[in-house]
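Chain letters run A, B, ... following the sequence lines, proteins first and then strands; every chain starts at 1.
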Amino acid sequence: MCLGIPGQIVAITDETRQMAMAEVSGIRREVNVACIATKDLADLIGFWTLIHVGFAMSLIDEDEAARTLEALHDLGEAQETLEAMAAGTSALEGAQ
Amino acid sequence: MKYAEEFRDPTAARIQLDRIARLVAEIGATAEKPLHIMEICGGHTHAIFRYGLDRLTPPGIEFIHGPGCPVCVLPRSRVDECIEIAERPEVIFTTFGDAMRVPGTRKSLLQAKAEGADIRMVYSPLDALDLARRNPDREVVFFGLGFETTTPSTALSIQQAARENLPNFSVFCNHITVPEPLRVLLDDPHMMLDGFVGPGHVSMVIGTHPYDFIARDYGKPIVVAGFEPLDLLQSVAMVLEQIRDGRAEVENQYARVVPEDGNPVSLAAIADVYERRPTFEWRGLGEIDASGLKIRNAYQSFDAEQKFSVGYGADQLRRVPDPEGCACGQVMSGRIKPVDCPQFGRGCTPEMPLGALMVSSEGACAAYYQYGGHRAVEAAE
Ligand code: SF4
């Protein structure tokens, strides 16, 4: 929850709500990009960002993204975050 | 050698470890008279144990594990209040998975869920917003938990709910701030801290200036650090250099992610939605002035405490002492090590936690347990 996970912005999904699709370790998840927003949100496509609980909080370079992901894997946090994302999706479907 | 297996770049690690050993020798710190360095953030605590940094660094350094794990400092009364809200039939209670196993007075959220409460683990407050949109006949409550890293996410979610006029979404706000407990620790006459390793992702939001008082008023060095092992080693070396040179400054080792002034959008959202509570209770540390955030009146329809009259929204605030035999408070303030708690590995394990420091992998006791501390107990038995 406290450590962000790197993801790459692949598409803008909702301009007004400032939402984008990010790819995190091969999994796609919609995230809010208000904190890193540029005038034209489409400019964000392709950029790497640190994502905290569904919010892109900071732009990082690709190298930093790779090293951060390695450290998260070592700590077991990457797996935990991906599981939390899956749990979030099933919560929406009403699964308990 | 251990570090050769653990580090992807063992040469760089060796260079930093040599630098640290040299500095410790120059300062003259020894196992009998060690330097006490506090890593504030629970993520750093986890990383220090995972990579064995406490064993790789010389005995002249002792790491003190700070209060920076939001799950660990959540008092039992707040868990009880969560459950009180979650057990209402109209409520869908949403929470980060980390909070599910934190023990309340009678039960945890996990137990309440097993007994039939509609409690759902989510990854993000955005999931809770979605649930509220899809279930207009239910009250969706999000358990807002965490330091400044997660505070912007609930602030932005509340702003979004306000724009959409979502009447059935609210937040049970338990957001807390990092600098205030540090002041309490520094004011404690028993405290012997020589320097701090500052949190990286919290600082990405608030910047480095909120720590200025540590250097200015208390004369202690602090270095904001990333959480890769090399970041941590380099930051420890930077703290030691300041000690050797008799300096006390706020330095930023993680400048590639942490801007000095923080993230302006996040800070604006926090300021718009939240105000400081006069005081907030921390497990093990007691009441700390201005350390917790409350939803402003302008957004009060999204405040679960107001909506359901619980906690600070109730007429009478309940206070619950920590469980009998639990030494969480002393561990949290660095007075004793987790293994010195009589419950460690006996009445308190990650499977059956008694205290909150055993719940999350960022808690000092869970980190000790997971990375070999329990062996010390077995050996002693
Ligand atoms: S071992 Fe358990 S009870 Fe003892 S300090 Fe740690 S978390 Fe608290």
Options [options], ranked by heavy-atom pairs under 4.5 Å with chain A, top entry:
options	result
V205(B), L126(B), N135(B)	L126(B)
T94(B), D127(B), V122(B)	D127(B)
G226(B), S266(B), G97(B), A269(B)	S266(B)

Side chain, backbone, both or neither of [X] within contact of chain B (heavy atoms, under 4.5 Å):
X	result
L82(A)	neither
E70(A)	both
N32(A)	both
I36(A)	neither

Taking side chain as everything from C-beta outward and backbone as N, CA, C, O, which of these in [X] sits under 4.5 Å from a heavy atom of chain A? Side chain, backbone, both or neither.
X	value
V258(B)	neither
R133(B)	side chain
D130(B)	both

**Study point:** Which atom of A86(B) lies closest to which atom of V91(B), heavy atoms considered
**Key:** CA-CG1, 4.2 Å

Review point. Just by distance, with hydrogens left out, do D14(A) and T16(A) show a side-chain donor and acceptor under 3.5 Å apart?
Key: yes

Point to revise | Donor-acceptor pair between S235(B) and Y254(B) side chains, under 3.5 angstrom | key: no

Revision key, fill the gap. Interatomic distance, CZ@R101(B) vs CD@Q111(B), rounded to 0.5 Å, equals 10.5 Å

Review point. Taking the six-membered ring for Trp, are F142(B) and F169(B) ring centroids under 6.0 Å apart?
Key: no

Check your understanding: How are the rings of Y371(B) and H46(B) set to each other: parallel, tilted or perpendicular (split at 30° and 60°)?
Key -> tilted

Exercise for review: Quick one: sort the H65(B) and Y368(B) rings into parallel, tilted or perpendicular, breaks at 30° and 60°.
Suggested key: perpendicular

Review point. Should we count CZ of F47(A) as having more than 12 external heavy atoms under 6.0 Å?
Key: no

Revision key, fill the gap. Heaviest contributor of heavy-atom pairs below 4.5 Å to chain B, chosen from A84(A), A37(A), S58(A), is A84(A)

Point to revise | Option that, when pairs with chain B are counted at under 4.5 Å, heavy atom only, ranks first among E30(A), R67(A), Q18(A) | key: R67(A)

